[in-house]
Structure formats: C-alpha cells, structure tokens
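When reading the values below, keep in mind they use all heavy atoms of this one structure, side chains included, and skip hydrogens, waters and symmetry mates. The structure presented is a predicted model; accordingly, all values stated were derived computationally and were not measured.
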Amino acid sequence: MDQLLRGIWRHRMAVLAAAVLLFGLGTGIVLQLPRYYAAQAVIAPAETTGIATSSLLSPAPMLGGGLLDQRQGGHFAVYLDVLRSPEAAAMLARETGLLAHLTELRQAGTMGLLRRLLGLRIEADLDDAQSWLERNLAATPGIGTVTVTLTLTHRDRGAALEALQRLHALAEAKVKADLVELTRRRIGFIEQRLAAERDLFLRNALYEQLTQQQRSLLVAAADAAVAARLVSAPMVELRPSVPNRPLLILLLAVAAPLLALFGAACWVLLGLPAPRPRQAELPFHYRAGAD
C-alpha cells in the first residue's frame with residue numbers, strides 16, 4: 001500500500017494533467033449536447049372526483065387497488081397506454097412536422113454523412129416516430145399522490161407544447177369513443193332482446209338495464225374528461241433545460257480526478273515487481289535421509 005501511494009505521488013503531475021484533460025474533454029462534450037425544451041402537464045384519474053364519469057357509469061362504488069399495488073386501472077390506464085401507442089405516433093406524424101424534424105436530424109452531423117456514404121435510409125418513417133415518442137415522453141407518478149406528470153422533450157419549444165396537447169386530446173378522445181361505442185352496442189343488444197322477449201319479469205329487468213345503459217351513454221357524451229382530468233394544463237418552459245449541463249459538469253469535476261487516480265494506481269501496480277513466493281518453514285528440523 002505504501003509503495004502504491006508513493007508511486008502515485010511520484011506521478012502526481014501526470015495525474016493532475018490527466019484529470020484536467022478528462023474534465024476538459026467531458027465539458028466540451030456536455031456543452032455540445034443538443035438542448036431540449038420540456039413540456040409538462042399534471043393529470044389525475046377521473047375516478048378521483050366525486051362526480052367522475054366512471055363512478056356515474058358504475059352501478060356499484062369504485063373500489064381502489066391494494067395498498068402495495070401502485071398500478072393504474074380503469075380508463076386512466078387505457079389513457080396512459082394510448083399516449084405511447086402506434087396510433088399516437090401516427091397522429092404526430094400526420095398532423096405535426098415530426099417526420100420532417102426526424103429526417104433533418106438523421107441527415108445532419110457525422111451520422112448523416114455516414115448514412116449517405118453507405119446508401120442507408122435518410123427519410124424518417126413511422127417506426128422512427130414511434131421510437132422518438134417512447135424515448136421522449138415520460139409519465140412520472142407523484143410521490144404520495146394519485147397525480148401523474150407527463151413530460152415531453154423536443155428541440156423546438158412550440159412543437160413540444162403542440163405535441164403534448166395533441167397527445168392528451170387523442171388519448172382522451174380514444175377512451176371516450178371506445179366507451180360510447182361499447183355502450184351503444186349494449187343498447188342495441190338489449191333492444192333486440194326486448195323485441196323478442198315476451199316474459200314480463202324479464203322485460204322489466206331488460207328495461208332497467210336499458211335505462212342504465214342510456215344513462216351511461218348520456219354521461220359519456222356530456223362529460224369532457226372520462227379518463228384523465230387536467231390538474232395543470234400543458235405548459236412549456238421558456239429556456240431549454242434538458243440535459244442539465246451544470247449538474248453534468250459538477251459530476252465531471254468529481255469523476256475526472258477519480259478516474260485519473262484509478263489509472264495512475266493501475267499503472268503503478270503494473271510496474272511493481274511480482275512478490276516472490278515464500279517457502280513455508282517446517283516446525284521441526286528436517287534432515288534428508290533421516291528415518
């Protein structure tokens with residue numbers, strides 16, 4: 001251990017130069033990273049309100065999940081899945097300039113030059129839009145609350161806000177349309193049963209079910225939020241904040257000296273002579289040829 005410390009101290013100037021070089025290279029890379037704007041919206045399940053659509057549509061009270069089960073359920077779970085679905089990626093590709101933006105990124109820089117030299121595809125497609133959506137959209141549950149924070153990062157400030165607004169509208173409309181379609185199918189089936197049923201007792205039960213489904217259809221058509229209600233409307237920051245350059249530079253200031261010390265320790269250990277194996281001494285005097 002003493003030899004290791006003395007060896008590192010002898011190469012202290014080299015260690016310092018390596019640390020400064022690593023910090024400089026890392027800082028240059030961090031400063032060259034593209035900046036992104038973060039658009040955020042805070043949402044909550046519609047089941048959290050006393051007059052939520054789900055509670056009005058259900059004949060029995062809504063039961064919450066278990067204490068350790070933090071998974072979302074009901075219409076809100078469908079809403080979160082729609083946000084990252086291929087349908088959402090296709091909507092962004094169709095109604096926004098996402099594909100043109102991705103194509104511009106693919107043909108820029110060294111990777112764009114390499115793609116052109118190798119004859120690779122430059123134009124972005126729906127698979128690229130889907131990958132971009134899964135990579136840049138995050139849904140973060142609140143700590144100790146039922147709220148979820150949606151965060152969408154984009155290099156363009158206006159495009160980030162527009163994309164998040166369109167995704168929320170699409171997911172809400174998808175859940176609402178599925179709910180209305182399901183209710184209408186149930187109403188049609190009950191009406192067919194009523195037209196063929198002659199038993200008075202069964203007809204009364206069917207009338208009650210028909211009334212419930214018609215009530216459900218009215219509630220679903222009248223309520224604007226059937227899956228998620230906005231606690232905080234989508235907003236975008238004034239200045240780009242992703243990545244967090246000050247934090248990355250601070251981490252580099254700690255990691256660069258440690259990495260330089262580790263390299264110096266490896267260099268010193270490789271230069272130390274290998275220890276000679278020591279022969280174990282017998283606890284008694286041994287003479288060759290003795291009985």
Side-chain angles (χ1 to χ4, degrees), residues 40-92 94-95 137 139-142 144-150 163-235:
Q40 290 187 342
V42 181
I43 59 176
E47 288 82 355
T48 57
T49 58
I51 56 174
T53 303
S54 57
S55 60
L56 292 176
L57 297 180
S58 177
M62 297 292 295
L63 298 179
L67 179 62
L68 300 179
D69 188 6
Q70 300 297 326
R71 295 175 298 177
Q72 301 292 346
H75 305 320
F76 191 64
V78 179
Y79 169 90
L80 293 178
D81 287 339
V82 173
L83 290 176
R84 293 190 179 90
S85 64
E87 184 178 356
M91 181 274 297
L92 292 178
R94 181 176 61 254
E95 300 180 5
L137 179 64
T140 307
T145 63
V146 296
T147 60
V148 174
T149 302
L150 299 179
L164 186 57
Q165 290 173 340
R166 290 182 179 274
L167 287 173
H168 169 71
L170 172 69
E172 189 68 37
K174 175 66 174 177
V175 176
K176 185 173 183 178
D178 292 344
L179 186 61
V180 170
E181 181 182 0
L182 177 62
T183 306
R184 286 177 176 173
R185 287 202 304 265
R186 290 177 177 177
I187 290 176
F189 177 76
I190 294 174
E191 289 177 348
Q192 291 179 2
R193 287 289 308 273
L194 280 172
E197 185 61 50
R198 295 294 180 264
D199 187 270
L200 181 60
F201 177 77
L202 293 179
R203 288 179 65 87
N204 289 335
L206 290 174
Y207 277 127
E208 292 179 0
Q209 294 182 9
L210 180 61
T211 302
Q212 179 184 344
Q213 296 301 321
Q214 289 176 343
R215 174 176 175 270
S216 301
L217 181 61
L218 178 63
V219 171
D223 202 340
V226 298
R229 60 184 180 93
L230 287 174
V231 178
S232 176
M235 298 183 66

From Q209 atom CD to L194 atom CG, the distance as rounded to the nearest 0.5 Å: 9.0 Å

Using 0.5 Å steps for rounding, measure from the CG atom of L179 to the CZ atom of R184. 11.0 Å

V146 versus P45, closest heavy-atom pair with distance: O-CD, 3.3 Å

Name all pairs fulfilling the salt bridge (charged side-chain N to carboxylate O under 4.0 Å, His left out) condition that reach into residues 185-196, sequence neighbours left out, sorted by first residue then second. E181-R185, R193-E197

Using side chain to side chain contact (heavy atoms under 4.5 Å, CB included), reason through E172 and V82 one step at a time and then give a plain yes or no. CA-CA 9 Å; E172 189 68 37; V82 173; over 6 Å; no

Taken to the nearest 0.5 Å, the spacing of R84 CZ from L137 CG works out to 5.0 Å

Name all residues meeting the side-chain hydrogen bond (donor to acceptor under 3.5 Å, both in side chains) criterion together with E95; count only those two or more places apart in sequence or in a different chain, and write none if there are none. R166

Distance check, rounded to the nearest 0.5 Å: H168 atom NE2 versus Y79 atom OH? 4.5 Å

What distance separates L230 CG from L150 CG, expressed to the nearest 0.5 Å? 9.0 Å

Residue pairs involving residues 175-198 (criterion ring-ring contact (aromatic ring centres under 6.0 Å, His included); sequence neighbours excluded): none

Please report the closest heavy-atom contact between L167 and L83, naming both atoms and the distance. O-CD2, 3.5 Å

